Asker: 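Quick one: the structure is below, and I'll ask about it shortly.
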Amino acid sequence: MIQETCKEFTSGLNQQQQEAVQYNSGPLMILAGAGSGKTRTLVSKVSYLLDSLKMSPFKLLALTFSNKAAREMRERVALTCGVPQGALQVTTFHSFCSRVLRHEADYLGLSKNFSIYDQGESMAIVKTIMGRYGISPKEISPYEILYYIEDLKNKGHYLGKTTSEIDETDPFYGYYTDYEQELHKANAFDFGGLITGTLNLFEKNTSIREAYQRRYEYIMVDEYQDTNRAQFLLLLLLLGEKRNLCVVGDEDQSIYSWRGADIGNILDFEKVFPEVRVLRLEQNYRSSKNIIEAASAVIARNIMRKGKELWTENPIGDSVQVCECGSERDEANFVSEEISSLIQNGESANDMAIFYRANSQSRVIEDALRERKINYRVVGGIKFYDRKEVKDVLSYLRLIVNPKDALSLARVINVPARGLGATSLKKLEKIAVDENCSLWEALVAVVERKDNYAHIRLSAKVYSSLNFFIGLISELRSLSDAGESPFKIFERVIYDSGYWDSLRAAKDYESMARLENIEELGSAIKQNESSSENASLLNFLETIALDNTQIGNEEEEMKPLSQVSLMTVHGSKGLEFPFVFIVGAEENVFPSYKSLEGGETGIEEERRLFYVAMTRAMKKLYLCFARARMLFGQLRFNGPSRFLNEIPSKYYSWKFYKTERFEDNSSDDYSQLDPYSSQESYIIKSSHKQSSSKFKKGEKVNHAVYGAGKVVETDGYGVDEKVLIVFSNGCKKRFLVKFAPLCSLS
DNA sequence: ACACTGTGAGTTTTT
DNA sequence: CTCACAGTGT
């Protein structure tokens, strides 16, 4: 009988997948290769736990990094197992933590209506703090400070944590404490703070921690390769003494280490859980044999991996097509010509995708596609909720919900313009700092005790604007508190603030588009009202803060268009297409020049990225590069990507494509090469020429004027050779080697 | 408050 | 080259 039931959940699964479903007696790590049926296996496992092992859905927690993965799993679980709505928790780390924190808000001295700040808002805080110290962004890059802060949080640090790992004498540490104070004053968390705040709660408050530990009997983590240290520590705290943990990931697809993802979470899993069972899902169901073997050969070069051998029963399929193009425009032409003929042969544009390393590469391709009237869509790009007008309205709503939200207040106090500019705002901010109160309280104080603030010398116009603004927000706040619907509040915001009318009055094309976007935001609010059981404004704001998914553009969805998809390689993770074009497979482009600074670690991540891109392809994979490319206003001859060199020649065929006659490139010997000569020798030759420069990356040098420094970037050869040098004082300078008084110290 | 100009930097962006 | 942003001028 039990056997029968088991069969039901494992039917159609291969040996390893079945084992992954049925092994539930201790920590389990599933290393799931690309296209190995991971989600299917996970969903079967959930079914198995619920139905065969009779585990209560309330005791199961499934965490992922992205909403996309959470949604996918949630939908498929709901479909497969008839679990009561909302019983099973399948959610993102951030959403989970946010819920915990709202529930336990008192503990951290915050109220449950806290705001969640995105990176742009975090950056604004850093800049404000720097401004307070009178430090210009030129002296210290605010981005570096923010990066420092995020890094601390990614590693699981929070103020008050007892640890020896943090160097509190670091000059940036002071910014961190100021920044945290600022967030606290604004009753706000940043993304990292949601995780570390929960860590703080669980580490310091035993009874709350134990309550959560008791609640969850089994924890699953998807996209495990994308988790950071803080999230790992959180998992340990949620588990407690229990060992019922299943993590699923693929170290070869870890492409977000620069955002804090810690590949060590996979590589060191066995150190923390010595009794762990490691299972590998290595059979690929997605791609042709040629593609799988080519991709495997590339990723095999990585050292930092546990190691997997992907294999497939799929047919060999077409050779991978490497296409050497004359220029980036030739490349774009080749891709669109090829797509054009595929479509002509009855293939659907929906089945085709073009991947590039950097967004800037999309333009020339878009031009070529448009020229041939091929429909396409650029995936990613500008997010709906990142638009100025949407952020403005959301800031109003946030300020209504959270009076302490100084950032939102500052954003909208003069939107639409009411003569309360930067100067007046600075004065008000100073009062808030001096009196250690929130910005909102400062506003109220200035208006209510006008006489005390005569020395601030605010104009009558400013006073009337302040009165208006305080009245507006106060009224809407009390309406909201009285339970008025979010949509009504939204309408009152756009009408009463004058925002709607000011956009209407503008009458230009841009303002019209903004009005439409605001309308769309309104319908999103309405939709949230009807679909969510907890339809509060707070709930809506949290949803969109943590889920950036583009809201449906109705016009786009109406058209049953067949479109080619364009996206960055990062954006392609988790997707699959029968026909995949990877463009810009060149040194300095893919791998990106920036990643080359990071040494072997940087290259390995680029290689994983390349591997992710390759393994998206089901039927046919095209790898394109340009001999000459306009980059930063200069014609560059980068040479084919080293990753092409890592593909054994038996898996690809090579083609040369050139329609344009392009500028003479006498500084380069590569166009002289016979494109039809043996590919191996071609590539070797090109890598040869890369070492023909005087200085190398990482080389220590001395400059007669600036002193000792290190080469971080090189470009060009011979008389054109240029180097970027970072000097010991942190100053960066670019030189033409021919002229600069440089000598090597190495 | 706005428009213009010069400067500098220029991957990737799940939350 | 091309964009964003800071600083200047009106």
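Reminder, nothing fancy here: chain letters follow the sequence lines and each chain counts from 1. Being a predicted model, the structure only gives us computed values, none of them experimental.
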Asker: Go along nucleotides 5-10 of chain C 5' to 3' and tag each nucleotide: B for a protein heavy atom under 4.0 Å from its base, S when only backbone or sugar atoms are that close, - otherwise.
Answerer: ------
Asker: Starting from P on C/dC1, measure out to CD on A/E328 and report it in whole angstrom.
Answerer: 13 Å
Asker: Using the P atom as the point on both nucleotides, what is the distance between C/dC5 and B/dT12, in whole Å?
Answerer: 15 Å
Asker: Could you list, one pair per line, each protein nitrogen or oxygen that sits under 3.5 Å from a nitrogen or oxygen of nucleotides 1-3 of chain B, together with the distance?
Answerer:
unit_1, atom_1, unit_2, atom_2, d
B/dA1, OP1, A/N414, ND2, 3.4
B/dA1, OP1, A/G421, N, 3.2

Asker: What's the CZ-P distance between A/R357 and B/dG10, to the nearest Å?
Answerer: 14 Å
Asker: State which residues pass salt bridge (Lys or Arg N to Asp or Glu O under 4.0 Å) with A/E104; sequence neighbours excluded, sorted by chain then number.
Answerer: none
Asker: Who passes ring pair (Phe, Tyr, Trp, His ring centres under 6.0 Å) against A/F355, sequence neighbours left out?
Answerer: none
Asker: Just how far, in rounded Å, is P of B/dG10 from CD of A/Q361?
Answerer: 16 Å
Asker: Indicate, with a heavy-atom threshold strictly under 4.0 Å, whether A/R363 touches base, sugar-phosphate, or nothing.
Answerer: sugar-phosphate
Asker: Are there any protein N/O atoms within less than 3.5 Å of an N/O atom in nucleotides 13-15 of chain B, and if so, which ones and at what distance?
Answerer:
unit_1, atom_1, unit_2, atom_2, d
B/dT13, OP1, A/T568, OG1, 2.5
B/dT13, OP2, A/N359, ND2, 3.3
B/dT13, O2, A/R259, NE, 2.6
B/dT14, OP2, A/K383, NZ, 2.4
B/dT15, OP1, A/N67, N, 3.3
B/dT15, OP1, A/N67, ND2, 2.6
B/dT15, O3', A/L546, O, 3.1
B/dT15, N3, A/R259, NH2, 3.1
B/dT15, O4, A/R259, NH2, 2.4

Asker: Using the P atom as the point on both nucleotides, what is the distance between B/dT13 and C/dA4, in whole Å?
Answerer: 16 Å
Asker: Residues two or more places apart in sequence or in another chain: which of them pass ring pair (Phe, Tyr, Trp, His ring centres under 6.0 Å) with A/F191?
Answerer: A/H94
Asker: Please list, chain by chain and in numerical order, all residues satisfying salt bridge (Lys or Arg N to Asp or Glu O under 4.0 Å) with A/D367, sequence neighbours excluded.
Answerer: A/R370
Asker: Would you please indicate yes or no on a ring centroid separation below 6.0 angstrom for A/Y593 and A/F632?
Answerer: yes
Asker: Partners of A/F93 by ring pair (Phe, Tyr, Trp, His ring centres under 6.0 Å), sequence neighbours excluded?
Answerer: none
Asker: Test of understanding: with side chain to side chain contact (heavy atoms under 4.5 Å, CB included), list the residues that count as partners of A/E576, not counting sequence neighbours.
Answerer: A/R286, A/M618
Asker: Examine A/R607 relative to A/F643 and say whether NZ or CZ is less than 6.0 Å from the centre of the six-membered ring and inside a 45° cone about the ring axis.
Answerer: no
Asker: For residues 409-416 of chain A, tabulate all N or O donor-acceptor pairs below 3.5 Å that involve a side-chain atom, not counting sequence neighbours.
Answerer:
unit_1, atom_1, unit_2, atom_2, d
A/R411, NE, A/D392, OD1, 2.8
A/R411, NH2, A/K388, O, 3.3
A/R411, NH2, A/D392, OD1, 3.2
A/N414, OD1, A/R418, N, 2.6
A/N414, OD1, A/G419, N, 3.4
A/N414, OD1, A/L420, N, 3.2
A/N414, ND2, A/L420, O, 3.4

Asker: Sequence neighbours excluded, which residues qualify as ring pair (Phe, Tyr, Trp, His ring centres under 6.0 Å) partners of A/Y256?
Answerer: A/W258, A/H570
Asker: Just checking A/S595: base, sugar-phosphate only, or nothing, at a heavy-atom cut-off of under 4.0 Å?
Answerer: base
Asker: Considering every strand and a 4.0 Å limit on heavy-atom distances, what is the contact class for A/Q253: base, sugar-phosphate, or nothing?
Answerer: nothing
Asker: According to salt bridge (Lys or Arg N to Asp or Glu O under 4.0 Å), who are the partners of A/E182, at least two apart in sequence or on a separate chain?
Answerer: A/R132
